[in-house]
*Asks:* 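Have a look at this one.
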Protein chains: 2
Amino acid sequence: MATIKQVADAAHVSFKTVSRVINDDPNVSATTRARVIDAINTLGYRPNLIARNMRTRRSHLLGFVADEIATTPFAVNLIKGAQDAAWKRGFMLMIVSCDNDAARAEGAVETLLERKVEGVVYATMRHEVIVPPPHIDEAPSVFANCRAEDGSVASVTPNEERGGFEATETLIHRGRQRIALINLEPGATAAQARLAGYLRALTTHGLPIDERRIRNTDDGQPDDGFRRMDELLDLTPPPDAVFCANDRIAMGAYDAIKARGLRIPQDISVIGFDNQEVIAAYLRPALTTMALPHYEMGYWAVEHLLRALDNGAISPEQVMLPCPLVRRASI
Amino acid sequence: MATIKQVADAAHVSFKTVSRVINDDPNVSATTRARVIDAINTLGYRPNLIARNMRTRRSHLLGFVADEIATTPFAVNLIKGAQDAAWKRGFMLMIVSCDNDAARAEGAVETLLERKVEGVVYATMRHEVIVPPPHIDEAPSVFANCRAEDGSVASVTPNEERGGFEATETLIHRGRQRIALINLEPGATAAQARLAGYLRALTTHGLPIDERRIRNTDDGQPDDGFRRMDELLDLTPPPDAVFCANDRIAMGAYDAIKARGLRIPQDISVIGFDNQEVIAAYLRPALTTMALPHYEMGYWAVEHLLRALDNGAISPEQVMLPCPLVRRASI
DNA sequence: GCAACCATTGACAACGTTGACTATGGCAGG
DNA sequence: CCTGCCATAGTCAACGTTGTCAATGGTTGC
């Protein structure tokens, strides 16, 4: 691999002049520049960013640590948002999935630090309150889709309460009166907020709160959704709409509704949460749902990191991003 | 950030001795080593891998270029396999998604080269024959889930023909006689091979080939699957099993079958392809399907790259990995 | 008692680049 | 004609490591 010195020899200039050319320094005459560029092309020279990083003490590298990436479809959007934001500013991402293994998380952070990343995004696939991996505070960091209990680290999370509110309100605007909620497993961070939004919407619009219409699931999976929906349909009167706190629950609810010969949305409206594409877009009828802003969170996290690098300090903002409604055919 | 020299001063040794300690060189006395380790801990010293990489001329970095990552759920498994293989050997991955943009792909490869990655994996989300991005041959490279037309670059792809064969044979072993195929859109690389496997299985087991039972889809989506299945059910006699060339097609086929009041698998067996978890595991009944070996391809690609680094040369092997059967309830 | 060896440690250069500074030569202004 | 400036180019050190080689001092073997 050619170095700057070999290019310099080939172009009969000092290696410093080559450096100027590849850094677009204006203090090079046009003829010299052309000669150098010629030499660069014939030698197939490529600047060595490792050497440059060492000299300039900037790596233009950001770490992205994910608790895990494989079991939910959310990682890619988080990553894509982060990558788009980084790419635009000439930064690259070093991505590590630590598969919920604390040792691997710690190792990942240490390696990233040794590689002199200029910042770290720590992302979880479920909205959570986390204990940050050790040493992550040695670089500017942002938590995406999770936050530190004490709010000491900048974070970006979805506005679950508002999402729950808007989902419910959307059903109300369609004229629904008896709106059921099949919520997540009670332990989930999002469960409480989505419930709060649901309750606030009913109250705001003067609808009664009927405890019988509120159900929890054990694990938020379709089977669970099927059973809860089945129970709800036994109520008299049955609900005329159901807010499922995730799309997998909605998937199960669909089956329960169809098994009774009821039609969606004519007899009962269904709204989901998460916008898990493969489910929501492919269900028949396609599912209206609240999207989780994974792309936007990844994007925001990196932008915040880059802002911090510009400013020399990171502000521990706690940002919440809206969950937009994705209108399809189920309401 | 402390450097090796500051540690040396703190421990009253030369910086070379510190270097020996952090590299586990045995030629350091126990007392000196202890003193150095003390200094390292009190200063919070971390070796600077950029400097080390520059000196040793090894980056322990691999590039991973994906054509795109967001629209299919396959990227994460490819990435995870690659990362696991890399991590085990102390390598890190630099992942770039280029969103099917040739300019971005070229830019990604160039940046990776400038960062002195020791090898590059190029991965596509659909099994394809590709034109490699320019300059990728400047580093050892492996194609995952795709291959170069001329076979000049090492590649790892799924054995689609064998997958089609085994899917069909599995249905035959269940005693099915009238097995339909709803294939992918005809342009897909995998379509021809899965069809070939289907035909070979029928022939091998002495079953007749009935052209009416073989359908193509336009885009391989559920709606398409619904329509084709509906047509198939109009045949007399109707099929007693259907091999859907992907799980989304199977999802649509389920709806068509259920709409006629038929039961899966009692009246008709369904087998899918791709093992797209959110669909296959959550359909009712859960879908038996052939898994695409994305994790294994990612793993193999990186292992092959690392083997090449050990050997000093990369062999342009064209490996095909099996698509294992995932048994669930639909056959 | 001396040579030879071993264990331990250090000095120095090098990796490929950029930053700070210096040198050259031509030209404008007095 | 001289001074001073500007455009252009070059020299050298430094970034934080590791590789090569040399130095030191104590111990072993004869």
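What you see is a predicted model; the values in this text were computed from it and never measured. Every chain is numbered from 1, with letters handed out A, B, ... down the list of sequences.
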*Asks:* Does C/dC15 have its OP1 or OP2 closer than 4.0 Å to a side-chain nitrogen or oxygen of B/Thr56?
*Replies:*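 Checking C/dC15 against B/Thr56, no side-chain N or O comes under 4.0 Å of OP1 or OP2.
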
*Asks:* In terms of side-chain heavy atoms of B/Ala51, which of D/dT18, D/dG16, C/dT9 is nearest?
*Replies:* D/dG16

*Asks:* Starting at NE2 of B/His12 and ending at C1' of C/dT9, how long is that distance when rounded to a whole Å?
*Replies:*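 One finds 16 Å between C1' of C/dT9 and NE2 of B/His12, rounded.
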
*Asks:* Could you tell me how far apart B/Lys5 (NZ) and C/dA13 (P) are, to the nearest whole angstrom?
*Replies:*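 Taking atom P of C/dA13 as the reference, NZ of B/Lys5 is at 12 Å.
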
*Asks:* Determine the contact category for A/Asn53: base if any of its heavy atoms lies under 4.0 Å from a base atom, sugar-phosphate if only primed atoms, P, OP1 or OP2 are that close, otherwise nothing.
*Replies:* nothing

*Asks:* Which heavy atom of A/Gly119 sits nearest a heavy atom of A/Ala139, and at what distance?
*Replies:* CA-CB, 4.4 Å

*Asks:* Closer than 3.5 angstrom, by distance alone: can the side chain of A/Ser141 be matched with the main-chain N or O of A/Asp137 as a donor-acceptor pair?
*Replies:*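 Side chain of A/Ser141 to backbone of A/Asp137: no pair is present.
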
*Asks:* Given D/dA9, is OP1 or OP2 found less than 4.0 Å from the side-chain N or O atoms of A/Thr17?
*Replies:*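 No.
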
*Asks:* Just checking, A/Lys80 and A/Tyr295: is the charged tip under 6.0 Å from the six-membered ring centre and within 45° of the axis?
*Replies:*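 Not flagged: A/Lys80 not positioned over aromatic ring of A/Tyr295.
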
*Asks:* Within the structure shown, what part of the strands sits under 4.0 Å from A/Thr3 by heavy-atom distance: base, sugar-phosphate, or nothing?
*Replies:* sugar-phosphate

*Asks:* Separation of B/Leu49 atom CG from D/dC15 atom C1', in whole Å?
*Replies:*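 Rounding to the nearest Å, CG of B/Leu49 and C1' of D/dC15 are 15 Å apart.
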
*Asks:* Of the nucleotides C/dT18, C/dT17, C/dG16, which one has an atom closest to the side chain of A/Tyr45?
*Replies:*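 Closest nucleotide among those given: C/dT17.
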
*Asks:* Is B/Arg33 salt-bridged to B/Asp38, going by a charged N under 4.0 Å from an acidic O?
*Replies:* no

*Asks:* Reckon B/Ser29 touches a base, only the sugar-phosphate, or nothing at all at heavy-atom distances under 4.0 Å?
*Replies:* sugar-phosphate

*Asks:* Does a side-chain N or O from B/Ser19 land closer than 4.0 Å to OP1 or OP2 of D/dT18, or not?
*Replies:*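 The answer is yes; a side-chain N or O of B/Ser19 sits under 4.0 Å from OP1 or OP2.
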
*Asks:* Is there a side-chain contact between B/Arg57 and the phosphate of C/dC15, meaning an N or O under 4.0 Å from OP1 or OP2?
*Replies:*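 No, outside the criterion.
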
*Asks:* To the nearest Å, how far apart are B/Met54 CE and C/dA13 P?
*Replies:* 17 Å

*Asks:* In whole angstrom, what separates A/Asp9's CG from C/dG16's P?
*Replies:*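 Spelled out: CG on A/Asp9 to P on C/dG16 is 13 Å.
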
*Asks:* Using a 4.0 Å heavy-atom cut-off, does B/Asn48 contact any base of the nucleic acid, only the sugar-phosphate backbone, or nothing at all?
*Replies:*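 Sugar-phosphate only.
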
*Asks:* Taking CG from B/Asp24 and P from D/dT18, how many angstroms apart are they, rounded to a whole number?
*Replies:* 11 Å

*Asks:* Spell out, as yes or no, whether a donor-acceptor pair under 3.5 Å connects the side chain of B/Asp25 to the backbone of B/Asn27.
*Replies:* yes

*Asks:* Can you measure A/Met1 atom CE to C/dC15 atom P for me and round it to whole angstrom units?
*Replies:* 16 Å

*Asks:* Name the residue closer to the 5' end of DNA chain D, choosing between B/Arg20 and B/Arg55 according to the nucleotide with the nearest heavy atom.
*Replies:*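 Looking at DNA chain D, the more 5' nearest nucleotide goes with B/Arg55.
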
*Asks:* What about B/Lys116, does its side chain sit under 3.5 Å from the base of C/dG16 through a donor-acceptor pair?
*Replies:*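 Answer no: no donor N or O sits under 3.5 Å from an acceptor.
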
*Asks:* Measure CD1/B/Ile22 against P/D/dG16 and give the value in whole Å, please.
*Replies:* 13 Å

*Asks:* Closer than 3.5 angstrom, by distance alone: can the side chain of B/Asp150 be matched with the main-chain N or O of B/Ser152 as a donor-acceptor pair?
*Replies:* yes

*Asks:* OP1 or OP2 of C/dT9 sitting under 4.0 Å from any side-chain N/O of B/Thr32?
*Replies:* yes

